Protein chains: 2
Amino acid sequence: MRISSRCEYGLRAMVYLAGHDAGRPVPLSEIAAAESIPAPFLERILAKLREAGLVKATRGVSGGYRLTQAAADVHVGEVVTALEGPLSLVGCVPDRGACKRAESCASRIVWRRLDNAITGALNSITLEDLTKEAVTP
Amino acid sequence: MRISSRCEYGLRAMVYLAGHDAGRPVPLSEIAAAESIPAPFLERILAKLREAGLVKATRGVSGGYRLTQAAADVHVGEVVTALEGPLSLVGCVPDRGACKRAESCASRIVWRRLDNAITGALNSITLEDLTKEAVTP
DNA sequence: ATAATGCCGACTGTATTGGTTGGGATTACT
DNA sequence: AGTAATCCCAACCAATACAGTCGGCATTAT
């Protein structure tokens, strides 16, 4: 039960993009250097974010990455989901059929609550909030 | 970012113990059968819970496991921590020195919030709540 | 043409997960 | 004393995920 480096890096990269959008795409190498992320690893992370539609890339000289949406429209939960898979920590929460005893399982109450807490926490923050650091802890 | 089976099983076992404490210890085999948990695996899970002081075992014929405290005093967070390690999903939250950029890192805000959400969700439920199923989702 | 950039598939070492196996040590009961 | 039920423990295993790396190809501004 740990957030992967992939995900930490990915969020840092997204925040960087949000904070450095000046009409030009930002090359991967710049993000990697600024955030101390191994470049080839970051490449694979950005690929996932691109597949998820969160960033778009332009190739060639002076190419790079940009957000596809305004920073204010991107919730952190979307970023985490793109990199970490569904936020549900336990299979029986989204898919009641995943476990035969789901109906009578008291523990499921816990996992449902946990699910709500996590989703709420991550979806109540946008990239814009983070660039402004105007979030109360 | 997933709860391990170890942890799901462990919580189910704890809830079972909370709901079946009739002054006698409950043998592992009973829990395993009732909750469909592979017995040898459950054994290792209960070992961890015992190390954490959450259950105690008595050996020999008609031995078994019991909670060390009243169900109302055991918060789910303790059970999860015992099996899954610290609840913090990211190293820089409990230990600010884990990452050099911690001070200036906007993402850290996210992880702090997430931490609080998770801890809050898990520590607001006790085993007794679960046996009564009196928790609102 | 060239250099900067993104795209992609294959590979690797390490750790974790989800177990199993086999043999002990304790204890209640007869 | 013997036996069966029970917990205790160390070693092992296969599959998967994690955190990267490497090498080459495709695209494009200049």
Side-chain angles (χ1 to χ4, degrees), chain A residues 1-13 17 23-68 80 83-86 89-91 98-99, chain B residues 1-13 17 23-68 80 83-86 89-91 98-99:
Chain A
M1 188 174 166
R2 202 74 201 246
I3 292 286
S4 60
S5 310
R6 186 170 67 238
C7 190
E8 291 186 50
Y9 289 160
L11 181 58
R12 295 226 305 263
L17 284 179
R24 72 182 206 299
V26 181
L28 186 146
S29 55
E30 180 183 330
I31 310 175
E35 293 289 333
S36 323
I37 302 171
F41 192 26
L42 178 56
E43 189 179 310
R44 308 211 13 207
I45 294 168
L46 284 169
K48 283 206 151 200
L49 293 171
R50 186 171 42 81
E51 286 162 27
L54 292 172
V55 301
K56 67 184 168 207
T58 58
R59 308 166 73 151
V61 174
S62 82
Y65 293 87
R66 306 180 62 183
L67 298 183
T68 53
V80 174
L83 296 171
E84 203 83 2
L89 299 193
V90 170
C99 174
Chain B
M1 187 175 169
R2 200 80 200 246
I3 292 285
S4 60
S5 310
R6 186 171 68 238
C7 189
E8 291 186 50
Y9 289 160
L11 181 58
R12 295 227 304 265
L17 284 180
R24 72 185 204 297
V26 182
L28 187 146
S29 55
E30 180 183 331
I31 310 176
E35 293 289 333
S36 322
I37 302 172
F41 192 27
L42 179 57
E43 188 180 311
R44 306 211 15 206
I45 294 168
L46 284 170
K48 283 205 151 200
L49 293 171
R50 184 171 43 80
E51 287 162 27
L54 292 171
V55 301
K56 66 184 168 206
T58 58
R59 307 165 74 149
V61 173
S62 82
Y65 292 88
R66 306 180 62 182
L67 298 182
T68 52
V80 174
L83 296 171
E84 202 83 3
L89 299 193
V90 170
C99 174

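The structure presented is a predicted model; accordingly, all values stated were derived computationally and were not measured. Chain letters run A, B, ... following the sequence lines, proteins first, then strands; residues in each count from 1.
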Query raised in the report: How would you list all residue pairs meeting side chain to side chain donor-acceptor pair (under 3.5 Å) that involve residues 50-65 of chain A, not counting sequence neighbours?
Result: none
**Report entry** Within-4.5 Å side-chain heavy-atom neighbours: A/S4 and A/Y9
**Finding:** no
Report summary line: With a 4.0 Å cut-off (strictly under) to non-hydrogen atoms of chain A, the first and last hit nts on DNA chain C, 5' to 3', are C/dA3 to C/dA10
Report summary line: Heavy atoms of B/E35 and B/R12 approach each other most closely as O-NH2, 2.6 Å
Query raised in the report: Can A/L89 and B/R2 be said to form a side-chain contact (heavy atoms from CB on, under 4.5 Å), step by step?
Result: CA-CA 4 Å; A/L89 299 193; B/R2 200 80 200 246; 5.7 Å; no
**Report entry** Side-chain heavy-atom pair A/V26, A/R66 within 4.5 angstrom cut-off
**Finding:** no
Query raised in the report: Between the axis at one end of the helix from C/dA1-D/dT30 to C/dT30-D/dA1 and the axis at the other (five pairs apiece), what's the angle to 10 degrees?
Result: 10°
**Report entry** A/L83 CG to D/dA17 C1', straight-line distance once rounded to whole Å
**Finding:** 15 Å
Report task. Output yes when B/R24 and B/E30 qualify as a salt bridge under the 4.0 Å nitrogen-oxygen rule, no when they do not. Result -> yes
**Report entry** DNA chain D-proximal residues of residues 58-67 of chain A, any heavy atom under 4.0 Å
**Finding:** A/R59, A/G60, A/V61, A/S62
Report summary line: Smallest heavy-atom separation, A/L83 atom then A/G10 atom, equals CD1-CA, 3.7 Å
Nucleotide N/O to protein N/O under 3.5 Å, stretch nucleotides 13-16 of chain D:
none

**Report entry** Integer-rounded Å distance: D/dA17 C1' and A/E84 CD
**Finding:** 11 Å
Query raised in the report: So, for A/P25 and A/P27, which heavy atoms are closest and what is the spacing to 0.1 Å?
Result: O-CD, 3.6 Å
Query raised in the report: Which value, rounded to the nearest 0.5 Å, describes the distance between A/R6 atom CZ and B/M1 atom CE?
Result: 12.0 Å
**Report entry** B/L46 versus B/V55, closest heavy-atom pair with distance
**Finding:** O-CG2, 4.0 Å
Requested in this report: Quick one: closest heavy-atom pair of A/L28 and A/L42, and the distance?
Outcome: O-CD2, 3.9 Å
Query raised in the report: What is the distance from atom CD of A/E43 to atom NZ of A/K48, rounded to the nearest 0.5 Å?
Result: 14.5 Å
**Report entry** Flag side-chain contact, heavy atom, 4.5 Å: B/V80 against B/L11
**Finding:** no
Query raised in the report: Going by number, which of residues 35-54 of chain A have a non-hydrogen atom under 4.0 Å from DNA chain C?
Result: A/E43, A/R44, A/R50
Report task. Please test B/L54 against B/L67 for side-chain contact (heavy atoms from CB on, under 4.5 Å), starting from the C-alpha separation and ending with a verdict. Result -> CA-CA 6 Å; B/L54 292 171; B/L67 298 182; over 6 Å; no
